[in-house]
Amino acid sequence: MWPRGSTARAAAPVSTTTTSTTLAPTTTSTTQPAPPFEAADAAVGEVALYDSPDAAAPSGSLSNPTSEHVPLVFSVKAQGPPGWLQVQIPRRPNESTAWVHSSDVTVRGLDNRIVVEREARRLTVYKGTTDEVLFQTTVAVGAPATPTPLGDFYIDVVVELTHPSGVYGPFQLSVAGFSDVLQTFGGGPGQIAIHGTNHPELIGEFVSNGCVRLNNDDITALEPLVPAGTPVQIVA
């Protein structure tokens with residue numbers, strides 16, 4: 001659910017680093033643990049999508065940048081045969097996946113994950129696959145007629161808005177999930193987002209068209225923790 005007139009910020013690359021320390025007369029190498037999640041940034045202008053690694057031809061494609069003029073980002077779900085990755089894609093139906101050539105993307109690591117508890121109206125950022133809480137706050141979610149969809153998604157775009165006091169606040173974190181009720185919204189395909197608000201008095205309520213609303217201080221604090229590609233799990 002994209003507002004127009006916004007400016008997209010590309011995700012900063014995140015990589016695992018290796019440090020070598022030399023101690024006479026021996027050499028010791030220490031390697032940091034690999035990040036628990038991975039994103040794949042499109043590296044070509046058109047990414048071909050395949051139903052399987054042995055498919056004779058692609059079943060579709062996605063443009064980079066996207067129709068919203070932002071970088072195309074996937075969430076990596078699995079490693080396949082050499083040269084292939086299974087990725088989640090920002091397309092209906094929710095949780096859709098496809099196989100892509102690994103040469104068409106650049107993979108980077110991610111450290112955190114988001115969990116949204118719909119009935120509790122709560123958003124939590126956890127460190128990796130652990131239960132360590134990095135950030136937690138009360139949110140507003142979808143109204144009964146337009147509920148926030150449940151499922152395993154990811155942030156596909158981080159947007160810094162040009163009118164931070166407006167309806168979406170200073171930041172919008174587009175989620176690769178779509179309303180189960182609204183097929184279109186505001187000229188877009190009914191895609192949900194996590195964003196700020198100019199009605200903080202409604203935080204904690206079931207009031208949105210499916211998006212997850214935070215007060216503006218909270219969305220500003222959240223944004224640096226969750227770059228594009230970060231997993232988002234929305235549960236009942």
Side-chain angles (χ1 to χ4, degrees), residues 1 9-17 30-41 73-78 88 90 94-95 107-143 147-161 164 168-177 191-208 210-236:
M1 299 180 185
R9 176 191 297 172
V14 178
S15 60
T16 302
T17 58
T30 58
T31 304
Q32 295 179 358
F37 312 111
E38 290 184 324
D41 300 310
V73 178
F74 305 107
S75 174
V76 177
K77 306 303 288 185
Q88 187 172 0
N94 282 337
E95 302 182 359
V107 175
R108 56 185 165 83
L110 297 160
D111 294 319
N112 304 327
R113 61 189 172 97
I114 296 173
V115 176
V116 177
E117 298 166 84
R118 192 171 67 181
E119 296 305 309
R121 283 92 73 203
R122 181 168 54 223
L123 179 149
T124 305
V125 178
Y126 292 98
K127 182 176 181 179
T129 57
T130 74
D131 293 329
E132 181 181 344
V133 174
L134 301 179
F135 176 87
Q136 188 172 78
T137 191
T138 302
V139 300
V141 295
T148 300
L150 305 180
D152 291 316
F153 311 119
Y154 70 98
I155 294 173
D156 62 337
V157 184
V158 175
V159 179
E160 184 172 9
L161 302 175
Y168 297 100
F171 292 99
Q172 178 170 278
L173 312 180
S174 174
V175 176
Q191 186 171 354
I192 67 168
I194 300 168
H195 59 72
T197 181
N198 59 353
H199 284 287
E201 71 277 7
L202 297 178
I203 296 298
E205 304 294 332
F206 297 92
V207 292
S208 79
C211 289
V212 178
R213 301 180 189 172
L214 286 69
N215 70 50
N216 289 346
D217 286 344
D218 282 345
I219 193 69
T220 301
L222 172 66
E223 183 268 339
L225 299 175
V226 289
T230 298
V232 178
Q233 183 181 38
I234 303 178
V235 300

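The structure displayed is predicted, hence computed values, not measured ones.
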N/O donor to acceptor pairs below 3.5 angstrom from side-chain atoms of residues 118-127, sequence neighbours left out:
from: R118; atom 1: NH1; to: T148; atom 2: O; distance (Å): 2.6
from: R121; atom 1: NE; to: G204; atom 2: O; distance (Å): 3.0
from: R121; atom 1: NH1; to: E119; atom 2: O; distance (Å): 2.5
from: R122; atom 1: NE; to: E117; atom 2: OE2; distance (Å): 2.8
from: R122; atom 1: NH2; to: E117; atom 2: OE1; distance (Å): 2.9
from: R122; atom 1: NH2; to: E117; atom 2: OE2; distance (Å): 3.2
from: T124; atom 1: OG1; to: Q136; atom 2: NE2; distance (Å): 2.8

Mind listing the closest non-hydrogen atom pair of Y154 and V73 along with its distance? OH-O, 2.7 Å
Between V76 and A40 the two heavy atoms that sit nearest each other are CG2-CB, 3.9 Å
Using side chain to side chain contact (heavy atoms under 4.5 Å, CB included) as the criterion, list what pairs up with P36, not counting sequence neighbours. D111, T129
Can you see which heavy atom on G210 is nearest to which on P149, and at what distance? O-CD, 4.2 Å
State whether the side chain of D156 and the backbone N or O of F74 hold a donor-acceptor pair below 3.5 Å, judged by distance alone. no
Determine whether P170 and L161 make a side-chain contact, defined as any pair of heavy atoms from C-beta on separated by less than 4.5 Å. no
Hey, does the side chain of Q88 reach the backbone of N94 with a donor-acceptor pair shorter than 3.5 angstrom? no
Contact check, side chains of I219 and I194, non-hydrogen atoms, under 4.5 Å: yes
Sequence neighbours left out, what passes side chain to side chain contact (heavy atoms under 4.5 Å, CB included) with T138? Give chain and number order. I203
Audit row: R213, V207, side chain to side chain contact (heavy atoms under 4.5 Å, CB included) steps and yes/no: CA-CA 9 Å; R213 301 180 189 172; V207 292; 3.7 Å; yes
Minimum heavy-atom separation for E223 to F171, with atom names? CG-CD2, 3.6 Å
Can you tell me how far SG of C211 sits from CD of Q172, rounded to the nearest 0.5 angstrom? 6.5 Å
For residues R113 and F37, report the shortest heavy-atom separation together with the two atoms involved. CD-CZ, 3.7 Å
Would you please name every residue forming a side chain to side chain contact (heavy atoms under 4.5 Å, CB included) with T230, sequence neighbours left out? L110, I114, I155, V226, P227
Minimum-distance pair of heavy atoms, taken over all atoms of F206 and G142: CB-O, 3.5 Å
Result for side chain to side chain contact (heavy atoms under 4.5 Å, CB included) between L173 and one of L214, I192, V159, L222 points to L222
Does any part of the side chain of D41, heavy atoms only, come nearer than 4.5 Å to the side chain of R108, both counted from C-beta? yes
Across all chains, not counting sequence neighbours, the side chain to side chain donor-acceptor pair (under 3.5 Å) partners of D218 are T137, N215
Carefully, step by step, assess E160 and V158 under the rule side chain to side chain contact (heavy atoms under 4.5 Å, CB included). CA-CA 7 Å; E160 184 172 9; V158 175; over 6 Å; no
Please list, chain by chain and in numerical order, all residues satisfying side chain to side chain donor-acceptor pair (under 3.5 Å) with E201, sequence neighbours excluded. H199
The test is side chain to side chain contact (heavy atoms under 4.5 Å, CB included); show your working for I234 and F153 and say whether it passes. CA-CA 8 Å; I234 303 178; F153 311 119; 3.8 Å; yes
